[in-house]
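As structure tokens, the structure follows; a few thoughts come after it.
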Amino acid sequence: MKPLRVALLGCGVVGTEVVRLLNEQAADLAARVGTPLELVGIAVRRPDRVREGVDRALLTTDAEALVTRDDVDIVIEVIGGIEPARSLILAAMKTGKSVITANKALLAEDGATLFAAAREYSVDLYYEASVAGAIPLLRPLRESLVGDHVHRVLGIVNGTTNYILDQMDTQGAGFNEALEEAQALGYAEADPTADVEGFDAAAKAAILAQLAFHTPVTAADVHREGITEVTSADVAGAKEMDSVVKLLAICERVPEENGRNGRGVSVRVYPAMIPRSHPLASVREAYNAVFVEAESAGSLMFYGAGAGGAPTASAVLGDLVAVARNVVAGTTGPVEVTYAELPVLPMGETTTRYYIQLDVADQPGVLAGVAEEFARHGVSIKAVRQEGMGEDAQLVVVTHRAPDAALSATVEGLRAFPMVRQVASVMRVEGDE
Ligand SMILES: NC(=O)C1=CN([C@@H]2O[C@H](COP(=O)(O)OP(=O)(O)OC[C@H]3O[C@@H](n4cnc5c(N)ncnc54)[C@H](O)[C@@H]3O)[C@@H](O)[C@H]2O)C=CC1
Ligand SMILES: N[C@@H](CC=O)C(=O)O
Ligand code: NA
């Protein structure tokens with residue numbers, strides 16, 4: 001059979017590893033696909049940059065010409081960002097090429113346009129690398145679990161922030177120092193704001209929710225809080241609670257009285273305290289882990305390298321073999337279906353639990369006053385601990401579940417409460433119910 005010709009867009013952290021694997025595993029890949037895969041062009045911005053193991057003769061700065069070449073069968077996009085990635089993917093599909101991408105930002109912002117184009121031009125769009133790097137997660141959701149009814153997807157899906165929080169927790173490292181290490185290790189996005197402000201995890205949460213609940217979800221629908229506001233007081237407070245702070249992505253059906261679809265879905269990303277005994281607490285460095293809870297399957301856990309060049313390239317190559325096999329067979333893989341049309345509910349309606357640490361005046365009546373503020377908003381207290389005396393008195397309150405709007409209104413009330421000197425730490429609590 002004649003070889004399948006592959007074009008690569010972008011040759012940075014992930015792209016370089018894709019080239020290495022294509023070269024090193026050429027014979028095995030050919031045997032698995034049934035025909036050789038031939039890399040025929042690599043679009044780059046800076047052709048003069050030294051890239052070990054990359055044949056300079058393949059480099060071009062004209063990405064558009066490359067994706068529309070007649071002799072290209074499959075396009076891999078690892079440039080990142082919205083434009084020109086979107087236009088290049090659409091141009092490739094329009095000229096009959098299947099596409100593999102690792103670009104969660106684009107999929108979460110405008111996946112609908114890309115999926116519609118894939119359908120219109122009868123080509124594949126595969127994107128396993130876009131969520132949780134090497135971990136096979138999207139294919140299990142898209143294929144293995146498509147006959148089940150998913151209730152919840154919960155996990156750590158950003159390696160950079162997990163690396164930073166882990167370094168802060170275990171090494172007492174500073175935020176900036178840990179971020180620089182994560183960048184040097186190839187985990188961070190080109191603009192690390194995407195990681196630390198939670199945009200990357202929110203994009204991944206949108207992709208996961210859409211697949212899990214067969215309902216349209218974009219990044220704009222996701223409630224997002226990053227880790228830049230996490231202080232050493234939060235990390236120390238978590239330690240005292242025998243807990244750890246993790247940036248979590250949570251996608252869940254919100255139950256309704258009658259009916260099994262739920263009255264909507266909640267999709268959110270925020271730092272939260274989880275007990276050290278919880279499996280997610282032991283996810284270290286840039287590793288990711290995701291729980292999927294489905295009606296018949298029960299609880300499944302996916303764990304592995306969520307970031308880095310080689311792990312991400314592994315997922316890209318897995319998609320490449322799958323897509324190439326489809327091309328050889330003259331078929332395409334499964335298409336996305338978002339028939340359920342469930343609304344994404346506002347964060348305020350989601351029930352969560354809070355950990356609140358207050359510096360208070362150690363005076364008679366302070367505890368009663370604080371408790372009254374919680375009661376006023378209908379928030380029930382699970383545990384209270386008072387420490388210290390006089391000027392240094394501290395109150396730690398952990399709540400039961402309540403609507404997030406009621407919890408944040410309680411915190412605002414406490415900030416204005418005369419005997420509360422400072423709300424020292426506020427963190428949502430997950431994972432020990
Ligand atoms: N690094 C990681 O751990 C992971 C990255 N991803 C995704 O993979 C994609 C690539 O990420 P990295 O390789 O880490 O980024 P990177 O910044 O190292 O590489 C991107 C490369 O694309 C090049 N580029 C930008 N615009 C271009 C254009 N118009 N034409 C040709 N080349 C262009 C840049 O010069 C750069 O070398 C992104 O979508 C990212 O979100 C996904 C999972 C993990
Ligand atoms: N920047 C991302 C890379 C993988 O998606 C991360 O840190 O997880
Ligand atoms: Na993955």
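Only this structure's heavy atoms are used, side chains among them; waters, hydrogens and symmetry mates stay out. Just follow the structure's listing: the first ligand is 1, and inside any ligand the first atom is 1.
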Exercise. Counting backbone and side-chain atoms alike, does A132 have an N/O/S atom under 3.0 Å from the Na ion (ligand 3)?
Worked result: no
For this session: Pick whichever of L8, V14, D62 has a heavy atom sitting closest to atom 12 (P) of ligand 1.
Result: V14
For this session: Could you tell me whether R224 sits above the aromatic face of F199, with NZ or CZ closer than 6.0 angstrom to the six-membered ring centre and within 45 degrees of the axis?
Result: yes
Problem set entry | atom 39 (O) of ligand 1 - nearest protein heavy atom and its distance | G80 CA, 3.2 Å
For this session: List every atom of ligand 1 that sits less than 4.0 Å from any heavy atom of R46, numbering the atoms from 1 in the order shown and giving each element.
Result: 35 (O)
Exercise. Hey, does G186 sit under 4.0 Å from ligand 1 if you only count heavy atoms?
Worked result: yes
Exercise. Which of the atoms in ligand 2, numbered in the order shown and given with their element, are less than 4.0 Å from a heavy-atom of A188?
Worked result: 1 (N)
Exercise. Which option out of G15, A102, C11 puts a heavy atom nearest to atom 8 (O) of ligand 1?
Worked result: A102
Exercise. Can any side-chain N or O of D124 pair as donor or acceptor with the backbone N or O of T332 at less than 3.5 Å?
Worked result: no
For this session: Just let me know how D200 lines up against ligand 2, side chain, backbone, both or neither, with a heavy-atom cut-off below 4.0 Å.
Result: side chain
Exercise. Honestly, is R139 close enough over Y126, meaning NZ or CZ under 6.0 Å from the six-membered ring centre and within 45° of the axis?
Worked result: no
Exercise. In the protein, which heavy atom is nearest to atom 42 (C) of ligand 1, and how far is it?
Worked result: K104 NZ, 3.3 Å
Exercise. Below 4.0 Å from any atom of ligand 1, is there a heavy atom belonging to I79?
Worked result: yes
Exercise. Relative to the heavy atoms of G306, which atoms of ligand 2 are at a distance of less than 4.0 Å?
Worked result: 4 (C), 5 (O)
Exercise. Is there a heavy atom in A129 that sits closer than 4.0 Å to ligand 1?
Worked result: yes
Problem set entry | ligand 2 contact on D195 by region, counting heavy-atom pairs under 4.0 Å | side chain
Problem set entry | Ligand-side contact atoms (ligand 2) for residue partner K204, heavy atom cut-off under 4.0 Å | 2 (C), 4 (C), 5 (O), 6 (C), 8 (O)
Exercise. A307 heavy atoms, cut-off 4.0 Å: which ligand 1 atoms fall inside?
Worked result: 3 (O)
Seminar exercise, completed: To atom 9 (C) of ligand 1, the nearest of V78, T61, D195 on a heavy-atom basis is V78
For this session: Would you check if the side chain of E77 reaches a backbone N or O of I79 as a donor-acceptor pair within less than 3.5 Å?
Result: yes
Exercise. Is the Na ion (ligand 3) less than 3.0 Å from an N/O/S atom of P136, whether that atom is in the backbone or a side chain?
Worked result: no
For this session: Could you tell me the angle subtended at the Na ion (ligand 3) by O of V131 and OE2 of E128, rounded to 10°?
Result: 110°
